[in-house]
Amino acid sequence: MERKIKRNKVWTQLYVADDAAEAAVQEIADSLGLTKQAAKVLYNRGCADSVGARAFLEQSAEKMHDPFLLRDVDRAVARIRRAVDNHERIAIYGDYDVDGVTAVSVLYLFLSRQGADVGYYIPSRIRDGYGLTTSAIDMLAQERGVNLIITVDTGITAIEEVKHAAELGVDMVITDHHECHAELPEACAVVNPHRPDCDYPFKELAGVGVVFKLLCAYEMTLCREKGIALIEGAHRICSEYADLVALGTIADVMPIVDENRIIVSYGLHMIANTRRRGLSALIDAALPNTRMRGGFPVPLTPEERVQQRKKRINSGFVGFGLAPRINAAGRISTASKAVELLLADTDETAEALAQELCEINVRRQVEENRVAEQAYEMIEQTVDFENDRIIVLDGDHWPQGIVGIVSSRVTERYGLPSILISFDGSVKDGMPTSDDIGKGSGRSVKGMNLVESLMACEDLLLKFGGHELAAGMSITRGNIERFRRRINEVARAQLGDEPPAVQLYAECELTSKDMTMRLCEELERMEPFGVANPVPQFIARDMTLCRIIAMGGGKHTKLLLEKDGLSIYAVYFGMSPAMLHLTAGERVDVLFQLNINEFQGERSLQMIVQDICESESSQREQSRIRERYEQIRAGALLEEGEEIYIPDRDDFALVYTFLRREFRQGNTSYSDRGLLMAIESEAPGRLNYIKLKFILRVLQELQICGIQEPEEGYYIFDIYFNPTKCPIDKSSILKKLRSQCRKK
C-alpha cells in the first residue's frame, strides 16, 4: 500500500570536522590504539578526550551513583525492613510489561532471601487496565491479608488508590519511573527519580532500575550495620540481579548511558552465562538450535550452544528476541506466566513455560499484523498528511495488548506520532455509545513530548501516564473527535507546520579502505547499544550497485556493492527489490551499519542498509543530462560530439525488441533510468539517456508502441504486435533532431 505522501529522508552526519574535533579524535585514536573512525564515534558520544573515551569503554560498578540520593529511598528501606522483621504479609504490585515483570521478579527473589512473607500481583491488561486499582487493593487486603504493598514500575499517579489503601490499614511504598503529576501519592515512601524534589543525578532508570537502586540501598544499609564496606552491598546486588535489570531496561527502551550502560554491560554478560533455568530455556527457544552440515541441518552440540550464546547475546537480541516473548504474556494472556518463567526452579517447568510464551508470541504476531493492516488502511483513507501532525485511530475489535506495538509500527512507517485506542470489550450488546471507555497507547517522535501533550488534553481524558516518547491513556468514545483536534493542535505547535522529515543519523563517512574487520571489532567494544548509544551508522558514497538479489521470499534484498577494489554484500531488511527503485549498474550512496557476518566458520564484512539512493555525484550528472535533453528538445543545436544522441535504425530495433519481450513477460512499466540500465546490461555502450528519450518519443509518434508518461520519467508501455508499417525516417521528431546538428 502506497502512502498518500512520501516522507523525505534527511541524512545528518554527526561528526563535523574542525581543528578542535580533529585534534581530539587523533588524541583518542593514538592513546587507545583505535582507528580514527572508531575515535570519531566515541567523540560523537561525548568523549572529548582519551580519558572520557576510556571511561566510556570501561564500565565498573564503582561508577554507579549513591542510591541514597534517591528521595525517600531510606524511608522505603526502613518500612520494608520492618515488614520483613515483623513477618508482615507483603505484596509486590507490578506492571504487565517486561519492565514490570523483571521488577517483580527481582524484588520477589530478594525479599524471599530475606525470609519475607511475600507474594506478587500483576493486573490483567484487559480486565484491570493499567496501574493500581481499588478493587485489587481490596482483594489483597481482605483475601490475602496484606499489610504492605510495594509497587514497581507503577503507582506514581495513584493518589486516590493510596488513600483507599490507608483507609484499609494497608501501607504502601511506591517505586516508579514514569513522569510525575503535580501531586504525589501520600505513601510511606515514593521513590522515583523524576520527583521534582529528587536530586538523583540520573533520571532515566527503568522501573526495574529503580528497584535495583532500592535493593542496593537495602543491602548497603545491612553492610553499614555489619561494618562492611558499602560498595560490597552494591556489588552483591549487581552480581545477583543485573541480568534481570538489564532485560527490563533494554525492553523498556531506556537510554543506554550512565548507570544503565553499566548495568546492561554486567547484565548481558550474566545473560550469556545465565544460571536461571527460565531465562536459559527462553534463550534456547529464541535461538536456532541447528546448523548446516553438508547441506543438512544438524543439532548444535552443548559446546556450540555456549559459543552461540556468547556471540549472539547482545542488546539487540534481548530487545528483539527475548523481550517480545516475555511481553506477549501480558498482551495476550497473563503476565504472571512470565514471572513464573523467571522464577522457575526446575528445567521441566522452565522449558514448558518458555514454549508456552513462544506460542503466545506467535498469536501476538498474528493479531499485531491484523490490526496493523487495518490501521494502515484507515490511515490512507482518513489522515490528512498535509495538516495532521499526529495520527489518532480507534477500533472496536483491537486487542488492548496490541495497540502499543502497532502504534510503534505506525510511527515508524509514517514518521508521525501516533495513538491507537481500543474499545475492545467496552461495547455493550454490540451497540457503541458515547460512554464507552477506550484504552489507548501512543508513540512519539523527537520533538514532541507525548506525556506533556496529553496533559494539555487532560480534561478530555480519564487517565494517562508514561514517558516522553511512549504513553498510555483512557478516554470515552464521545471525546475522541475533540481529543483528535486538540492533540493535533498541540502537536503542530511542537513539530511545526511542515510535515516532519524522517531523520537518519550517521557517525561519519567511510571510504572503502575504512571498512575493515578491525573497525568492526572496535565498534563491538562500544556495546551495549540502545537509545542514546545507538548502533553506529555510516555513509558510503558513490558505490557501484553490481547485483540485486531477492531474499526471504522477496521481502528483503541483498546487494553487491563495489568501489575502489572493495566488493561487499549489503542486506536491506524489509525492502523488496521491486520497492528499491534502483538498477544494477547505478552509482549509489548508502547509509548503513557495518558488521561481521559469520557463516559456516567464515567471517566477512557485511553492510546492513538503513537507506540507499542514487549517489549525489550521479544525481548531479543526471540533472545535467536531463537539462541538456530539454535544451535539445526545445531546439538547441547539437555541439561537436553530440551526434551520439541521434538514434539509428538498429537503436530503434534494440529498444522495441526489449519492450516487446518485457511486455510478453508482464512487465509494462519502467522508469527512464531503469529502462536504460536494463538495456545497457544487455547491449553495453549502445544507448545513452538522451538517445533513449528521443527513441521513446518517436515510437509513440509513429504509433509503433503505446507509451504513456503519467509522471515525469516514468513510462507505461502497450505493445502493438501488428503496427502499421511506417519508416523511421518519416518521424518529424527525428527529422528535427537531425537538423539540429551544427554544419561543419
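S671 places no side-chain N or O within donor-acceptor distance of the main-chain N or O of G713, the cut-off being under 3.5 Å. Under the 3.5 Å distance criterion, the side-chain polar atoms of T411 are left unmatched by any main-chain donor or acceptor of G415. Checked by atom type and distance alone, the side chain of Q537 never pairs as donor or acceptor with a backbone atom of Q610 at under 3.5 Å. Between the side chain of T557 and the backbone N or O of Y572 there is no donor-acceptor pair closer than 3.5 Å. In terms of modelled atom types and a separation under 3.5 Å, the side chain of S512 and the main chain of K563 share a donor-acceptor contact. The main-chain N or O of R261 is found under 3.5 Å from a side-chain atom of S265 such that the two form a donor-acceptor pair. Of the possible donor and acceptor atoms, none in the side chain of Q13 sits under 3.5 Å from a partner among the backbone N and O of E507. Of the possible polar contacts, none joining the Q708 side chain to the F717 backbone as a donor-acceptor pair under 3.5 Å is found. Here the side chain of Q494 pairs a donor or acceptor atom with the backbone of N449 at under 3.5 angstrom. In this structure a side-chain-to-backbone donor-acceptor pair under 3.5 Å is missing from S50 to S31.
Closest non-hydrogen pair, A532 versus V257, comes out as CB-CG1, 3.6 Å. Smallest separation of non-hydrogen atoms from V410 and I379: CG1-CD1, 3.7 Å. Residues P536 and L523 share a closest heavy-atom pair of CG-CD2, 4.0 Å. Annotation for A506 and L591: closest pair CB-CD1, 4.2 Å, computed over non-hydrogen atoms. Counting all heavy atoms, side chain and backbone alike, I28 lies closest to A39 at CG2-CB, 3.9 Å. Here the shortest heavy-atom pairing between C613 and Q619 reads SG-NE2, 4.4 Å.
Considering only heavy atoms from C-beta on, Y569 comes within 4.5 Å of R547 through its side chain. Looking at heavy atoms from C-beta onward, L504 lies out of side-chain contact with T12 at the 4.5 angstrom threshold. At least one side-chain heavy atom of V590 sits under 4.5 Å from a side-chain heavy atom of L561. Side-chain atoms of F663 and L659, non-hydrogen and from C-beta on, never get closer than 4.5 Å to each other. The side-chain heavy atoms of L545 and L560, taken from C-beta on, include no pair separated by under 4.5 Å. Side-chain contact between P324 and R364: present, with at least one pair of heavy atoms (C-beta onward) separated by less than 4.5 Å. Contact annotation: the side chain of F592 never approaches that of I539 to less than 4.5 Å [non-hydrogen atoms, C-beta and beyond]. Q622 has its side chain within reach of S618: a pair of non-hydrogen atoms, C-beta onward, lies under 4.5 Å apart.
One finds a salt bridge joining D672 and K693 here, because a Lys/Arg side-chain nitrogen approaches an Asp/Glu carboxylate oxygen to under 4.0 Å. The pair R541-E616 meets the salt-bridge criterion, with a side-chain N (NZ, NE, NH1 or NH2) lying under 4.0 Å from an Asp/Glu carboxylate O. Salt bridge status for K63 with E259: absent, with no side-chain N to carboxylate O gap under 4.0 Å. For the pair R628 and E642, the salt-bridge criterion is met [side-chain N within less than 4.0 Å of a carboxylate O]. A salt bridge links R661 with E682: at least one charged nitrogen is closer than 4.0 Å to a carboxylate oxygen. For the pair R587 and E562, the salt-bridge criterion is not met [side-chain N within less than 4.0 Å of a carboxylate O]. With salt bridges taken as basic N to acidic carboxylate O contacts below 4.0 Å, one links R624 and E621. Under 4.0 Å is where a charged nitrogen must lie from a carboxylate oxygen, and between D564 and K513 no such pair does.
A donor and an acceptor atom, one from each side chain of D30 and Q26, are located under 3.5 Å apart. A donor-acceptor contact under 3.5 angstrom links the side chains of D514 and Q37, judged on distance only. Using a 3.5 Å distance cut-off with no hydrogens or angles, the side chains of N369 and R409 do pair a donor with an acceptor. Under the 3.5 Å distance criterion, with hydrogens and angles disregarded, no donor-acceptor pair is assigned to the side chains of N260 and T249. D542 and S615 share a side-chain donor-acceptor pair at under 3.5 Å.
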**Request:** Could you check R443 against E412 for salt bridge (Lys or Arg N to Asp or Glu O under 4.0 Å), going step by step and ending with a plain yes or no?
**Result:** CA-CA 9 Å; R443 300 295 183 269; E412 181 178 356; over 6 Å; no
- Message: Under the criterion side chain to side chain donor-acceptor pair (under 3.5 Å), I'd like the reasoning laid out for N533 against R45: C-alpha separation, chi angles, the key distance, then a yes or no.
- Response: CA-CA 7 Å; N533 183 39; R45 298 294 194 270; 2.6 Å; yes
Item checked: side-chain contact (heavy atoms from CB on, under 4.5 Å) between I390 and I419, worked out -> CA-CA 8 Å; I390 181 170; I419 296 174; 4.0 Å; yes
- Given side-chain contact (heavy atoms from CB on, under 4.5 Å), test E468 with L450 step by step and report yes or no. CA-CA 5 Å; E468 178 181 351; L450 193 52; over 6 Å; no
- Task: Could you walk me through whether D651 and I646 pass the side-chain contact (heavy atoms from CB on, under 4.5 Å) test, one step at a time?
- Result: CA-CA 9 Å; D651 295 327; I646 302 175; over 6 Å; no
| request: For the pair L34 and L42, evaluate side-chain contact (heavy atoms from CB on, under 4.5 Å) and give the outcome as yes or no after the intermediate values. | output: CA-CA 10 Å; L34 300 173; L42 290 169; 3.5 Å; yes
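Expressed to the nearest 0.5 Å, how far CE of M579 lies from CE of M575 amounts to 4.5 Å. Here L559 contributes atom CG and L580 contributes atom CG; the two are 6.0 Å apart, rounded to the nearest 0.5 Å. To the nearest 0.5 Å, atom CD1 of residue I391 and atom OG of residue S418 are 6.0 Å apart. Going from atom CD1 of I695 over to atom CD1 of I690 covers 12.0 Å, rounded to the nearest 0.5 Å. Between I608 atom CD1 and F573 atom CZ the span is 5.0 Å, to the nearest 0.5 Å. Atoms CG and CE, from D99 and M254 in turn, are 7.5 Å apart once rounded to the nearest 0.5 Å.
Partners of A21 under the side chain to side chain contact (heavy atoms under 4.5 Å, CB included) rule, at least two apart in sequence or in another chain, are Y15, D18, Y43. Looking at residues two or more places apart in sequence or on another chain, you find a side chain to side chain donor-acceptor pair (under 3.5 Å) between T35 and E522.
Within a 6.0 Å radius of NE2 in H556, other residues, nucleotides and ligands contribute more than 12 heavy atoms.
Both the sub-6.0 Å distance and the 45° axial angle are satisfied by R413 relative to the ring of Y376.
Separation of the Y714 and Y670 ring centroids does not fall under the 6.0 Å cut-off. Taking the six-membered ring where the residue is Trp, the centroids of Y629 and Y645 are separated by 6.0 Å or more.
In summary, of the residues considered (I250, D243, L247), a side chain to side chain contact (heavy atoms under 4.5 Å, CB included) with L268 occurs for I250 alone.
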